[in-house]
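Step one of this worksheet: look at the structure below.
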Amino acid sequence: MLIPYLLLGISSDATDAEIRSRYLALVKQYPPESAPERFQRITEAYESIRSQRRRISARLFGTGAESESYADQLALLAETLTPRRRRATLQELFDMEPQCLKK
Amino acid sequence: MAAIAAPASRSAAGILLENIHARPYTAGECNFTNGSAMGKKKKKKKKQASKPLQDLTPAQLLQAGEAALRSDTPKAAVDVLRFAAKKHGLTPELKPCLLRAHLSHAAQLKRQGLAGGAAAAAGQAEPLLEDVSWLTEADLVDYISLDPGAGAFSTYTRYVRYYQRVPEAEAHLAGHLFRSRRWALADHLDRTVPLKAEVDIVEPAVDLMDQANWETALAGLQRLPRRSPFAPVRLLCRAMSAFYAGNDGEAARALGMIPDHFPLAGVSACLAALLSTPTGTDAWAAAASRLPLLWKGPIHIRADVQALTRRLDRGDVHGAASQMRRIARSAAPENPRPLLALLLQIAWRAVLADKLDRDDYLKLASALLPGSQAESLLERLMMSLHMPLTHAGKYITSHLAADFPDPAEQGIAHATVLLHVVSLFRRIGLWEEVEEEPVPGPFRDALGLASGTDVDRAVAITAKALRLDPGNRSGYHLLAELPRPGRPDRKTVEAALLEMMETFPDDPFPCLALASVYYENNAFRKAEHILEEALRRAPHDHRVIDKHALSLLISAEKNIRREKFHLAGPDIDRAGTLESRGAAPYIAAKRTLLALINPLSPDAVLRQEGAQMSLFGDEIDFTAVLDRELSALSPTDRLRMLAFLIPDLEAASFSQKKSILKLLTRRLKADLKAAEGMPGQEIVRLISPLEKDYSTVFHQREPAPLFLKHDKQLLARIPNETVVDAYDIIMAPETLASIQRDIRRRLKQAGGKDEIILAFCLAVVRRLSGESASYAPFHDILDQVHDTDVKEALRRLSRRFSRHATGSLRHALAHFHFGPAPGEDPQFLFDDDEDDDDLFYFDEEEAPWEGGPPGMDLSPELVPIFLEQAKADPGLFAEMMEQAVDNMDLRGAPDREIKEVRGMMTAVPEVHDLFDQLARGLDPALPEMAGMSREARIFLYGRSPGKKTRKRR
């Protein structure tokens, strides 16, 4: 199941240490006091893949934490796949300038 | 003047313009000497065109040039004015006009997107600017804005020697440097122009921007003066830094201050507009697609996902497939397959919600994934729907190695599949289904089902999983919770838990679980020893302490029953010293019991001689005992203590039993009255039965009947949100009446979801109590439910309640399917009141299907006879099919449900063969078969009438 990896922003072959490190960085960025919903999602995602056994189980049968409704699951997928801001260089901004000048 | 006659109304300039447009003057034509007819014609025309120019005075030429400028034909103006300059010299009047012509031309080219041409055109003005004394500020700005070359910089340097600095011009110069990165151009500037020195600040910042390090670049640019011509660069850095920090407000503010002449004005405006557009909308996606390099991931994902959801809602398989492909390709163009697999897993929910037909889903999966991957996915999904052992076996033997090539992972994955299957059964609670599912031979080893064993399948499968993955802690927990009806099961569980003790030397859990196993085997000594090990491992773990206390109570109870009170007392005292909060009320109950029945109890006043004896001098002594025991307990624990003590005393023999029991009952009632304000959750705890480990300690594990007997309003004080938990906990024959009363009372005021849930509970209770024998109430309730969430809530509730039922009701509740279950109705398939159906009774005294449906006990030798008769009279057979549909309550059912029932039946090999041969042998085109209803045709043939195979695009 891809969603936990997408939520945490890590590749599917990440190790236990990499997953934990990423989780800790994210909860610093989204603490429960200021982003409770995001914190909960991040934590659920982490819990579902934090060990090899759990990752295998998620691959086979999902994380078990998913909503029963396919509509909710698709909405969550859309949120995790929502384009992230990409660091563009100055030259790339210049490359986009002609398109932006068109009406 | 001109060879061309002109109307009086047209000026010389107008005539000139016409001729210039008709035949632009070119130097090449002047040299044209070809004597060909075309050449002569050209020459003649050229002579005609140039003649007017030649003859015009400088003033007229100037006028013509200005007219060309006004009519927005700057190229023509340039040509005329250059000719004038060549012919008559660059006069002071001509110079500015020619400059403006060049600049207008350059501006026109720039508007057309020809930046290079514009720069070249502007550069042609440079020779005019050797002397800038005549240059106006506006002309200077226009020139500099269009000429990005060295000429602009040197011209500006010359200009500021005469005049004041022009901020607007410097802004353009800064823009040129920023865009071109030709920082050396600034060397043409005078030192008095601050721009020159500021290049040293901006140049390294631009290098950082080229590495997308906007934040550090911004820090470096803070040294720039506020009014620096490079200020827009700093604004850009501030905007980008805020953008990446997620501070869109700050980014928008900075972007809004960037001037229109800035080289990145377009990007700035687009980004500002984007940040003010709500995310997830089509407008946002359109705006973001103009700045694609600022995003990674699919820009249109929300719209695409919404479209997919709609298609699934409508059951549009083909639309869903194409939408899934689109999403996967846009989100993961390098490798869309994992995302396709994920989308398919999600779409499976649509099958479970009856939005998609299962057959269509199978086609969908096969279309989107390669064969083996699709099969692998389907086997895993089907495990949760139907015949989990078979699908698990198929998956393990056919796909596991491919999905998990690493041997270590493979072992864990294999174990995970096995535990998953056992958990599925545990969720439903129908353990007999584990035993009844026919498992093909090749799968048995994969599932851990060795032949010739008495071990329960669930235990065997779980034990196999733990051999594959000995570090799977949750697997041991699952094993410990499984039913273990026989000694072989307990032996298997014991072996696994002993293994767990070795693998997890600090965990007290295996010791506690083993203790339970030993109690079941009546191996009390072993239980005590293992609990001592638990205490050693976790002396402060409350589970260990509680279990230890329990073991002492079990020992005490054993001794009480053997009337070895001298041994029971110390056990109870030792249990008391453990300070087990969980066991406190039960310890108190046992101590009180012992005080009453033990003649040697210090609280007893006992005369051995057989004279009329009273155990206590008067009630006050017992009351003191009781108060002493109850005083240390919480209100809930006091009530529980009494609730378990009273039944024990009722079963015991002791003097003044009647008065003591009366006293205790009065006390119970008084305490219940005093606890009227008890919160709902606490009431649930109050009425909860004891764990089964206490079954050897007290006569009665369920306190609820006693409480409900003496407080008829007890359940009423539990709120609706938690009352269903209470019903589940206390449901038993003795409490059904109380539960039903409570439900009916609540239904008078309930509405919405609460009403449906309570109605369902009532239907279950009435069925359990025997008041109702029909499934009609369940159907009535389900017919009212359209909300998926409510339906799911009912499904979960139905599964929970199934453990209280038996037989077909249990099956129906576990599977949330309220037709007659297979095997329930002896007239299941061929319920027929007619007398003339001896066609299907080969021996009138022994109808082959009597007592069960044909599939369940159909002998192979009867199948061909049955077939022959069906072919001989297809009309009668068709009628029987219709009747079978009605008996199974499938009339009007959706295709999926009918196929599911058919699938369950054909799981039995003989039934499968029969249906297969019937379907082949009875042509659907026969009038009798074609005349059957949809339901009957699906039931017989497995598919809808007239269903065509869709062509793939």
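Quick caveat, the model's predicted, so the values are computed rather than measured.
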Taking the side chain as everything from C-beta on, heavy atoms only, tell me whether [X] gets closer than 4.5 Å to [Y].
X        : Y        : result
B:Val351 : A:Tyr70  : no
A:Leu93  : B:Leu293 : no
B:His420 : A:Leu60  : no
B:Gln211 : A:Leu90  : no
A:Arg84  : B:Trp295 : no
B:Ser423 : A:Phe61  : no
A:Leu74  : B:Leu312 : yes
B:Arg302 : A:Glu79  : yes

Between A:Arg59 and B:Glu409, does any side-chain N to carboxylate O distance fall below 4.0 Å?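 Answer for the salt bridge query: yes.
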
Under a 4.0 Å N-O cut-off, is there an ion pair linking A:Glu97 with B:Arg179? no

Tell me, yes or no, whether the heavy-atom count around [X] atom [atom1], taken from other residues, nucleotides or ligands under 6.0 Å, exceeds 12.
X        : atom1 : result
B:Arg326 : CZ    : no
B:Asp406 : CG    : yes
A:Glu37  : CD    : no

Top residue by heavy-atom pair count (under 4.5 Å) with chain B, among A:Ala78, A:Ser57, A:Ala88?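 Winner by heavy-atom pair count: A:Ala88.
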
Roughly how far, to the nearest 0.5 Å, is NE2 of B:His414 from CD1 of A:Ile56? 13.0 Å

At their closest point, which heavy atom of B:Ile301 faces which heavy atom of A:Pro83, and how far apart are they?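 Shortest heavy-atom contact: CG2-CD, 4.1 Å.
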
Between B:Asp469 and A:Arg53, which heavy-atom pair has the shortest distance, and what is it?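 Scanning both residues completely, I find the closest heavy atoms to be OD2-NE, 2.7 Å.
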
Examine distances only and state if a side-chain atom of B:Arg290 and a backbone atom of A:Lys102 form a donor-acceptor pair shorter than 3.5 Å. yes

Quick check on the interface: out of [options], who has the most heavy-atom pairs with chain A under 4.5 Å?
options                                : answer
B:Val267, B:Thr416, B:Val305, B:Val206 : B:Val267
B:Leu208, B:Leu339, B:Leu271           : B:Leu339
B:Ala269, B:Ala265, B:Ser376           : B:Ala265
B:Ala341, B:Pro292, B:Ala408, B:Pro298 : B:Pro298
B:Leu264, B:Asp403, B:Ile299           : B:Leu264

Applying a criterion of heavy atom separation less than 4.5 Å, what residues of residues 331-338 of chain B form contacts with chain A?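 Against chain A, the residues of residues 331-338 of chain B that fall inside the cut-off (heavy atoms, under 4.5 Å) are B:Ala331, B:Pro338.
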
Given that the side chain runs from C-beta out, which part of [X] has a heavy atom under 4.5 Å from chain A: side chain, backbone, both or neither?
X        : result
B:Asp313 : both
B:Leu236 : side chain
B:Leu343 : side chain
B:Trp214 : both
B:Tyr395 : side chain
B:Asp789 : neither

Let me know if A:Leu77 has heavy atoms under 4.5 Å from chain B in its side chain, its backbone, both or neither.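 The answer is the side chain of A:Leu77.
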
Below 4.5 Å from any heavy atom of chain B, which atoms of A:Gln52 appear? Answer side chain, backbone, both or neither. side chain

Working note: A:Asp72 + B:Arg349, criterion salt bridge (Lys or Arg N to Asp or Glu O under 4.0 Å); need CA distance, chi angles, decisive distance, verdict. CA-CA 11 Å; A:Asp72 288 348; B:Arg349 303 269 172 193; over 6 Å; no

Residue among A:Glu92, A:Met96, A:Arg85 satisfying side chain to side chain contact (heavy atoms under 4.5 Å, CB included) with B:Leu294: A:Met96

If you look only at pairs with a residue in residues 203-213 of chain B, which of them pass as a salt bridge (charged side-chain N to carboxylate O under 4.0 Å, His left out), with sequence neighbours excluded? B:Arg181-B:Asp210

Give the ring-plane orientation class for A:Phe94 versus B:Phe178, where under 30° counts as parallel, over 60° as perpendicular and anything between as tilted.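 The rings of A:Phe94 and B:Phe178 sit tilted, inter-plane angle from 30° to 60°.
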
